[in-house]
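Only heavy atoms go into these numbers, but all of them, side chains included; no hydrogens, no water, no symmetry mates.
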There are 2 protein chains.
Amino acid sequence: MITRIVEIRKGVLKKNDLLAAELRQRFREAGVFTVNLVSSPGTGKTMLLEKTLRALLHAGQPVAAIVGDLETDNDARRLAASGAPIRQINTHGTCHLEAEMIGQHLSGLELEGLDFLFIENVGNLVCPSSYDLGEDIRACLLSVTEGEDKPLKYPVIFNSADVAVVTKMDLAEACEFQRDDALRNLAEVRPGMRVIEVSAKTGLGMKEWLAFLNEERSRRRQAPPAPEV
Amino acid sequence: MITRIVEIRKGVLKKNDLLAAELRQRFREAGVFTVNLVSSPGTGKTMLLEKTLRALLHAGQPVAAIVGDLETDNDARRLAASGAPIRQINTHGTCHLEAEMIGQHLSGLELEGLDFLFIENVGNLVCPSSYDLGEDIRACLLSVTEGEDKPLKYPVIFNSADVAVVTKMDLAEACEFQRDDALRNLAEVRPGMRVIEVSAKTGLGMKEWLAFLNEERSRRRQAPPAPEV
């Protein structure tokens, strides 16, 4: 039984990887920089995204977002108030987004006119790590409320991310957040990982986060496309 | 492809259900009351469990716990300090506990001498809902830090639970926790659901939680075994 499951799972992941490669090519040709936000439920992905969309639009940078949830369109409605085009994916029981779902929700989004496309994944620290969505970078959020040991307990997703965003810094003191422990644990699962500490609520660190996004976009979009391996 | 996955998945769940029924029978015969704790990562399952184990032991009630994590034995070491026997399961990538894993980790636990066996599931609001572990009751934790809308976004797991435990109440004010919204959302996915608000840190609500556990234990263990359907 287990062998069959592993085989089927490998097949699913292989199919996902092929679709993700197609998406990545499409995003690259359109010149849109794509960010996949992953984390536990409740780390503040939507709040960070809301403030990010508003700031980028305010700076004259066109953006859009795709948000994934098992149920409800709460996040899409909340994010649409920013003025950016938003697509909601309801996975109805599936615990992660897949490349195929992204492909199905791109219609009507004019990718060529966008600087950034954000994808807010389903809140889950396990399965989203295995599903490439064709993104340029994966950002893994870690909230100060959820415990400094999460990178050690869920090493794969933190290891697969390009940047860690420590969220809800305004609650750090109330939660007795042990910053040194958190940073050491992040470094243990991914040595040298870039870490950005933010509070979307107070604005702390948002300048650094936005600068990081634009730097990465410039760096990767100006460089010639990497040869296919 | 999808049909095959659904079939395989049904097979896995059916096998799990059979093993869970065996476990349930074993727990019932031993007279131990079993509680499956599920939630997002970082809602404070381990802290609640730590305080619960200490309080029950202090009251002369023998208890034990099985804790699941992808990696690390941090939780087992932390809980063992209570004096209760603890078993750690490392799932190495699997995003939930399964009945088979529980069965494999019962050796050496003298179930007949226990009042309670707690199972701390992997932090995940999706997949643990599908895996019966033979427990008497399932408790779903919701922390005040993670947003009042989580029951609506992850309805299956809240619906499958017998009790909702709202955790980290000491942070409610700092997080601007909207209590009425949270209670309404819980009631929407499971009308009439018992809700207990606690802070394991300050002790708030712990008396109610412990009383609930003992009441459920008395009620279910004194009643004659329900006929098999």
Side-chain angles (χ1 to χ4, degrees), chain A residues 1-2 4-5 7-9 11-12 15 39-47 68-75 78 90-96 122-130 142-157 168 170-171 173-176 185 189 201, chain B residues 1-2 4-5 7-9 11-12 15 39-47 68-72 74-75 78 90-96 100 122-130 142-157 168 170-171 173-176 185 189 201:
Chain A
M1 175 74 91
I2 293 205
R4 277 173 69 206
I5 297 171
E7 277 171 15
I8 295 274
R9 196 174 139 75
V12 174
K15 183 185 159 205
S39 77
S40 303
T43 55
K45 287 187 294 303
T46 311
M47 167 90 87
D69 282 296
L70 269 71
E71 304 295 342
T72 84
D73 64 350
N74 291 359
D75 288 356
R78 184 169 156 195
N90 280 145
T91 65
H92 304 299
T94 299
C95 62
H96 56 269
V122 176
N124 181 350
L125 277 183
V126 188
C127 305
S129 66
S130 306
L142 170 69
S143 119
V144 299
T145 65
E146 58 180 327
E148 300 80 5
D149 62 350
K150 290 300 165 289
L152 303 181
K153 287 185 170 180
Y154 302 86
V156 177
I157 202 158
K168 307 196 186 184
D170 55 292
L171 295 174
E173 202 177 319
C175 298
E176 300 173 34
N185 293 340
V189 297
K201 192 168 162 185
Chain B
M1 176 72 90
I2 292 201
R4 276 173 69 206
I5 296 171
E7 277 172 14
I8 294 274
R9 195 172 141 73
V12 172
K15 184 186 159 204
S39 77
S40 303
T43 54
K45 285 186 295 301
T46 311
M47 166 90 87
D69 282 296
L70 271 70
E71 306 292 342
T72 85
N74 292 359
D75 287 356
R78 186 170 155 195
N90 280 146
T91 66
H92 303 300
T94 298
C95 62
H96 55 269
E100 189 173 14
V122 175
N124 182 348
L125 277 182
V126 188
C127 304
S129 66
S130 306
L142 170 70
S143 121
V144 300
T145 65
E146 59 181 326
E148 300 79 4
D149 61 352
K150 290 300 164 292
L152 301 181
K153 286 184 170 181
Y154 302 87
V156 178
I157 201 158
K168 305 195 186 186
D170 55 294
L171 295 173
E173 201 177 323
C175 298
E176 300 174 32
N185 293 339
V189 298
K201 193 169 162 184

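- Contact annotation for A:Glu173: neither backbone nor side-chain heavy atoms come within less than 4.5 Å of a heavy atom of chain B.
- Contacts of A:Leu171 with chain B are made by side-chain atoms alone, with heavy-atom separations under 4.5 Å and no backbone atom involved.
- Of the residues considered (A:Ser40, A:Cys175, A:Gly147, A:Gly42), A:Gly42 shows the highest number of contacts with chain B, using heavy-atom pairs under 4.5 Å.
- With a 4.5 angstrom heavy-atom cutoff, A:Pro155 touches chain B only via side-chain atoms.
- Within the 4.5 angstrom heavy-atom criterion, atoms from both the backbone and the side chain of A:Cys95 approach chain B.
- Contact count against chain B (heavy-atom pairs under 4.5 Å) is highest for A:Asp69 among A:Asp69, A:Asp170, A:Asn90.
- If you measure heavy-atom distances from A:Lys153 to chain B, the contacts under 4.5 Å come from both the backbone and the side chain.
- Tested against A:Pro41 for a side-chain contact (heavy atoms from CB on, under 4.5 Å), the candidates B:Val126, B:Leu125, B:Asp149 yield a single pass: B:Leu125.
- The two residues A:Thr145 and B:Thr145 come nearest to each other via the heavy atoms OG1-OG1, 3.3 Å.
- Most heavy-atom pairs under 4.5 Å with chain B: of the set A:Val122, A:Val156, A:Thr94, A:Thr72, this distinction falls to A:Thr72.
- For the atom pair B:Glu148 CD and A:Asn74 CG, the distance stands at 11.0 Å (nearest 0.5 Å).
- Using a cut-off of 4.0 Å between Lys/Arg side-chain N and Asp/Glu carboxylate O, B:Lys201 and A:Glu176 are scored as salt-bridged.
- Judged purely by atom type and a 3.5 angstrom limit, A:Tyr154 uses its side chain to pair as donor or acceptor with the backbone of B:Gly123.
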